[in-house]
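What follows is a set of notes on a single structure, which appears directly below.
Chain letters run A, B, ... following the sequence lines, proteins first, then strands; residues in each count from 1.
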Protein chains: 2
Amino acid sequence: MAMPAHHDRRAQIWAAALELFAARGYEATSMADIAAAVGIRGPSLYKHVASKQELLAAIIAHTMDDLLAAHHAAVAGTADHTEQLRRAVDSHVRYHARHRREAFVGNRELRSLVEPHRSPILARRAEYAGAFENLVAAGIEAGAFEVRSARLAAYSILDLGMGVAVWFREDSEPTENDVAWHHTEIALRIVQAGR
Amino acid sequence: MAMPAHHDRRAQIWAAALELFAARGYEATSMADIAAAVGIRGPSLYKHVASKQELLAAIIAHTMDDLLAAHHAAVAGTADHTEQLRRAVDSHVRYHARHRREAFVGNRELRSLVEPHRSPILARRAEYAGAFENLVAAGIEAGAFEVRSARLAAYSILDLGMGVAVWFREDSEPTENDVAWHHTEIALRIVQAGR
DNA sequence: ACCTCCGGCTAATGACCTGTAGCCAGGATT
DNA sequence: AATCCTGGCTACAGGTCATTAGCCGGAGGT
């Protein structure tokens, strides 16, 4: 068995922390638990990470970056309002299905994140929510959508994603494709697109 | 200032625990915190409650009972599928707005609930979700709704409620009425009712 | 051959936390 | 008046946790 290099060990720790934070929560997970999951003792973790808090911050920050990047990539290819929203929702839902632990931790454990990591992450979160709200608002403006409140419609669509992260399971129905198809359809119905 | 009787003190503790569990989470809240919020010392709490765990279980159980009772009351008055769903969603959303701390704790802190309280509460939770799914399925069966998956539609509607518990604030827009109206409308669009 | 440094380890520190034991004041009951 | 009970309190037991200190084997470079 090859001894893992520095970077591998860090990735192992990252993965173990993600798994445990998602399953039990940040507060209920000890450094010793994370260490045991990668086969070492608690204090040895500090050769790789600065603190438990920094581990959480890194996981959440990385998740937000990924999510924002996927959103921008999804939206970039078209100018049509309905198509933009469809792609944004598809990206949103697939991310929450495919990386449900990351998304789950990113939402649930924000509470345990303290300054100085907290503010920048809340800002990116707000940016992401704002992007959806703008998408909906632009569609309403252009007459492509018809819904009373752009904000509430955007919140609803975003909450759909969080729901997916909670109940989605890789090994049973509905599949990622099922959910992506269904939820994009639902999102378009919410804004009453294309009639 | 009148000295609170036994029952009042218990209610104070209940309220303080709810507030703190919602704000910081169960794991991050100490008995001393709860005690301080009602003006006494940690150990004195044990004259009123058996344990921290039992306090959490009581809060969640009570919440589930309330939610189920509200649902049954809402649905009882009509046999029309669309109207039943409208009333069920209205009840669901209003509960999550009006009792957002209870709903929040009931969802988020289920993780911290261990046996023997865990199973019965999960059962009631499944019962509630099942009721929504049946409502949607019955509407599809009768031709009143048109949506691919009753389960996914029901999950989506339920997730909408959880979202409300997360971001709703009593002291700013949108108001409870705004959200109730908007979300019932959205739920009916999701199942494509009455066209 | 020597040295450096990486990444383990054990021991320990200091802070907390839940829950129990047992004391006590004062109101209620008899 | 004497007694009991309620609901506070302090002290403490028994644990866990994050993090630091300091040791050490062994791999890789010189």
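Counting only residues at least two apart or on different chains, the salt bridge (Lys or Arg N to Asp or Glu O under 4.0 Å) pairs with a member in residues 125-134 of chain B are Glu133(B)-Arg151(B). For the salt bridge (Lys or Arg N to Asp or Glu O under 4.0 Å) condition, the pairs that include at least one residue of residues 14-40 of chain A, sequence neighbours left out, are Glu19(A)-Arg101(A), Arg24(A)-Asp33(A).
Rounding to whole angstrom units, CD1 of residue Ile34(B) and P of dC17(C) are separated by 11 Å. We find that CD of Glu54(B) is positioned 10 Å from P of dG19(C), with the value rounded to whole Å. If you measure from atom CG of Leu56(B) to atom P of dG19(C), you get 12 Å, rounded to the nearest angstrom.
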| query | When you check every protein heavy atom under 4.0 Å of nucleotides 9-23 of chain D, what one-letter string (B, S, -) results, 5' to 3'? | reply | BBB-----SSBB---
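Few gaps surround CD on Glu54(B); more than 12 heavy atoms of other groups in view lie less than 6.0 Å from it.
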Produce the list of close N/O pairs, under 3.5 Å, pairing protein atoms with atoms of nucleotides 24-26 of chain C; give distances to one decimal.
none

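The phosphate of dC6(C) has neither OP1 nor OP2 within less than 4.0 Å of any side-chain N or O from Arg9(A). Here His48(A) reaches the OP1 or OP2 of dG8(C): one of its side-chain N or O atoms lies under 4.0 Å away.
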Show which side-chain atoms of residues 55-63 of chain B pair as donor or acceptor with protein atoms under 3.5 Å away, not counting sequence neighbours.
residue	atom	partner	partner atom	Å
Thr63(B)	OG1	Ile59(B)	O	2.9

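Ring centroids of His71(A) and Phe132(A) are separated by less than 6.0 Å, placing the two rings close together.
Of the possible donor and acceptor atoms, one in the side chain of His92(B) sits under 3.5 Å from a partner among the backbone N and O of Leu158(B).
Contact annotation: the side chain of His183(B) never approaches that of Ile157(B) to less than 4.5 Å [non-hydrogen atoms, C-beta and beyond].
Hydrophobic clustering, defined by side-chain heavy atoms of Ile, Leu, Val, Met, Phe, Trp and Tyr closer than 4.5 Å, groups Phe104(B) together with Met162(B), Val166(B).
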